[in-house]
Amino acid sequence: MSHLSQRYIQLKKRVFEREFAHLNPQQQQAVFTVDGPLLVLAGAGSGKTTVLIERIGFLLQYGNAYFDDRLPAGFTETEMETMEACFAGDDWRRLLPQFALPTPRPYEVLAITFTNKAAAEIGQRLEAKLPEQAHEIVSGTFHRFCVKILRRTASLLGYGSDFTIYDTDDTKRLITECLKALSLDPKQYAPRAVLSEISNAKNEMLGPDELAKKGVGNFRTEKIADVYRLYQQRLLQNNAMDFDDLIWNTVRILQEFPDRADYYRRRFRYVMIDEYQDTNTAQDLLVHLLTSHYRNLCVVGDDDQSIYRFRGATVENILGFDQIFCDAKVIRLERNYRSTSQILDAANAVIRNNVGRKGKELWTEKKDGVPVHLQTAEDDRAEALYVCSQIQNLAILEKRPFSDFAVLYRTNKQSLSFESTFARSGLPYRIFGGHRFYDRKEIKDLTSYLSVIHNGGDAVRLKRIINLPKRGIGEASVEKAQKLAEYLQIPLFEVCRNATTYPGLGASAAKLAAFAALIDDLRRTLEEVGLNGIVDAIVEKTGYAAYLKETEDNWQDKLQNIEELASSMTAYATEHEEATLGGFLEDAALVSDLDDYNAQAETVTLMTVHAAKGLEFPCVFVVGMEDGLFPSGAALLEREELEEERRLAYVAMTRAKERLELTYAKRRMIHGQTMFSPISRFVTEIPDELLDKPEEESPFRPQTSFGGYTSRTSYSNRSASSPHHLTAAKPTPKPMGMGAGPASKPKADVSGFLVGGRVKHPTFGEGTLLKKTEMGGDVLMEIAFDTVGTKRLMANYARITKCE
DNA sequence: CACGCTCTGCCTGCG
DNA sequence: GCAGAGCGTG
């Protein structure tokens, strides 16, 4: 290599490094490496999304400029000197365009994520960074990407392009049907379990025959393979796919139709996959099939955050990436920008105990944090009380909005005690998870109507609504009609429509025909009123509202949910120029509740650790740190399971930016039984010097009149265990908020303060009391101070006096 | 076919 | 401890 060329390359690199100086060296390398296979091991809070966005930006602007080692043709020494002089001056940015190489078109770039939330974030940030090109870049979830391909290619596999996407409820119904058809006892073959085995098989790319072969000699597996075979057959008949099929059928397109495969391979020249540790075998195969031509594949992930093994994700995909691509470049992002060193050291100490990992140690420059706090509570109720009062304390002492706080738990059930405690003390909160909006019964009913209107071939959803509201079509009649449909090889809906022409249907024929007429009528209504009025029309023409009133206690709530469905359809119609019913149903199938998580809302967040992945909060409480709960009892048996739980604990801890508290209850009700569990082994893996452990006893003991002590370590410790201490009688969980946390004070008497009256504060001066709000045994006072403006203070903490 | 009773079986859960 | 499923009866 010539001397000139070396000078040129060196200068070029320095220019780019200066342009991307806001990134650390590892991040820069990840951004500049656009060609060939790249594995980015991105620790929690290491600026992964930023890298992804910057990388796309760099790619679209400069192509493979950074690593290209060619000298422009006819480049001279003089030009080199001009460039170097320019670099030394202020307008060195002028050099950037000169280094640019041919770039891909935006639509040749594909970015795939797992959740809608992540996809939306990427979409927004791309929009902000590259307003011109963002809308052309293909970004979205695996499922959305696959649906897009399948809508165009499904006919090759025998499906219609308007296939329905079945959710868990639909698939469960279909499995139950298949079990019945094969005379299998649903008690021995629980639909849920069968479904999960089928799903696992699909995720590993095993068809019914392969599953049967694998389970030869195993009676149960052989039977499940039979169910699987029938299930797939029926899905096809119903023109429906389950979520796993979306992936697998796309794989089939790429494997079985070379011309299609070739088209997509050339189309997506640059592919990026986020959260690669969450991919299953089918998704991994899809990615490899898609990128086998150009091999410009960048996968980003963190083996330490792989927490979805139970649903088929295999960490091996990310762990073995550099073995499959032996020329892959591996970049580790270990600098964390989120958490304090105390939090990171604790999290590192826990995850270190895992054997099967690439090995990463996060570090930070935030050294000014507080230790991780460990709180012991007598039972789950005391635990909730502690968290509640601690949040109230911190909100006041550190002037934090409630949106700073998150309570993370292992199981959804644990939310109950927090929900009731928070509600009682007026702490605003929001619970995420549990069931999706679109999974609610009334919403499922309505979307089933919509779906039948849209895709008449779908018998599962048709059967869901055929007698709902009750219209005298019993199970026997439906079965007869279905037998007939099978015999005649026509959709069930067609049998209903022409029911009166089949003598075998007897008395129910008229009712079936009336039902079909209703659906046909609704189809015409859809033509007339469009998406905006169709929900109302269904409710009206089916008498659904009356049915709800008759059968449900909380029918008002349910009607309101239906209203919400109607307005979300209207919103969909306005947002999309060519809005169709099919498009809306597709959206409904592919969204989740977490998607509308709003960090701005002034509420405490309650969610499972799983749901919290990818989020961050200034203050995090990880609750229920007990062996048997976290790690879960099932995980205590197998090493692999336990390691997954440990990764889960790692994810939980690394959500915290400033404060991390771990809580543990000595006693707790599980499955209706009081359990006494030892403290979580994950807590014991954290070295003592990183943990701030308060007194042994529950903090909820009646307060003495020694107001204002702040040291919890010596004095209060003793007071609880000392037998002659009169007030240490029995911890009473009654008093809310008070006496909890570090800086407790005696209860202030606020009855003398009148709204509109004048008050005085030692630092803020005089002001007018605007509002008093009861809050967890304390009173929140909103005061308009004369000099410093309006402030919200808790009566028990702020030294407020009346003006005489 | 609707109801009420008993029985069971219980992590996590994207799309 | 509670919810959902399944079963039997009016």
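All values derive from a computational prediction rather than experimental measurement. In what follows, chains carry the letters A, B, and so on, assigned in the order in which the sequence lines appear, proteins first and then strands, with residues in each chain numbered from 1.
- Atom CG in A:Leu416 sits about 18 Å away from atom P in B:dC10, given to the nearest Å.
- B:dC14 is unpaired under the Watson-Crick or G-U wobble criterion, no partner having all donor-acceptor distances under 3.5 Å.
- Using a 4.0 Å heavy-atom distance criterion, A:Glu475 is classed as a sugar-phosphate-only contact.
- Residue A:Leu648 is the one, among A:Asp244 and A:Leu648, whose nearest nucleotide of DNA chain B lies closer to the 5' end (criterion: closest heavy atom).
- The side chain of A:Asn116 places no N or O atom within less than 4.0 Å of a non-bridging phosphate oxygen (OP1 or OP2) of B:dC14.
- For A:Thr608, counting side-chain heavy atoms from C-beta on, the closest listed nucleotide (C:dC7, B:dG13, B:dC14) is B:dG13.
- Checked against B:dT12, B:dG15, B:dC1, the side chain of A:Asn412 finds its nearest nucleotide in B:dT12.
- Within a 6.0 Å sphere centred on CZ of A:Arg639, heavy atoms belonging to other residues, nucleotides or ligands number more than 12.
- DNA chain B is contacted by both A:Val609 and A:Asn467; A:Asn467 maps to the nucleotide lying nearer its 5′ end (nearest heavy atom per residue).
- Picking from B:dC14, B:dC11, C:dG1 the nucleotide with the shortest atom distance to the side chain of A:Glu641 gives B:dC11.
- Counting only heavy atoms from C-beta on, A:Thr411 has its side chain closest to B:dC11 among B:dC11, B:dC14, C:dG1.
- Of the candidates B:dG15, B:dG13, B:dC11, the closest approach to any side-chain atom of A:His671 belongs to B:dC11.
- Atom CG in A:Leu590 sits about 11 Å away from atom C1' in B:dC14, given to the nearest Å.
- The separation between A:Asp169 atom CG and B:dG15 atom P is 18 Å, rounded to whole Å.
- For the pair A:Asn467 (side chain) and A:Gly472 (backbone), a donor-acceptor distance under 3.5 Å is present.
- Distance A:Arg192 CZ to C:dA3 P: 17 Å, rounded to the nearest Å.
- Note: CG (A:Asp185) to P (C:dA5) measures 16 Å, nearest angstrom.
- Residue A:Gly474 is in sugar-phosphate contact alone, with no base atom involved, counting any heavy-atom pair closer than 4.0 Å across all strands shown.
- Looking at the side chain of A:Met669, the nearest of the listed nucleotides B:dG15, B:dC11, C:dG1 is C:dG1.
- The distance between atom NZ of A:Lys613 and atom P of B:dC14, rounded to the nearest whole Å, is 11 Å.
- Here the two rings, on A:Tyr308 and A:His610, have centers that are under 6.0 Å apart.
- Note on ring orientation: taking the six-membered ring where Trp is involved, the planes of A:Phe268 and A:Tyr264 are parallel (angle under 30°, cut-offs 30° and 60°).
- If you check B:dC1, B:dC14, C:dG1 against the side chain of A:Phe114, the one that comes closest is B:dC14.
- Closest to the A:Phe310 side chain, of the nucleotides C:dC7, B:dG13, B:dC11, is B:dG13.
- Taking atom CD of A:Gln414 as the reference point, atom P of B:dC10 lies 18 Å away to the nearest angstrom.
- A salt bridge does not link A:Lys666 with A:Asp379: every distance from a Lys NZ or Arg NE/NH1/NH2 to an Asp or Glu carboxylate oxygen is 4.0 Å or more.
- Among the heavy atoms of the strands lying under 4.0 Å from A:Lys470 are primed sugar atoms or P, OP1, OP2 only; no base atom is included.
- For B:dC7, the paired base is C:dG4 (Watson-Crick or G-U wobble, both distances below 3.5 Å).
- Within the nucleic acid shown, A:Ile473 comes within 4.0 Å of sugar-phosphate atoms alone, with no base atom in reach, counting heavy atoms only.
- Atom CZ of A:Arg309 and atom P of B:dC14 are 19 Å apart (whole Å).
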Evaluate side chain to side chain donor-acceptor pair (under 3.5 Å) for A:Ser417 paired with A:Asp380, printing each intermediate quantity in order.
CA-CA 7 Å; A:Ser417 54; A:Asp380 46 347; 5.1 Å; no
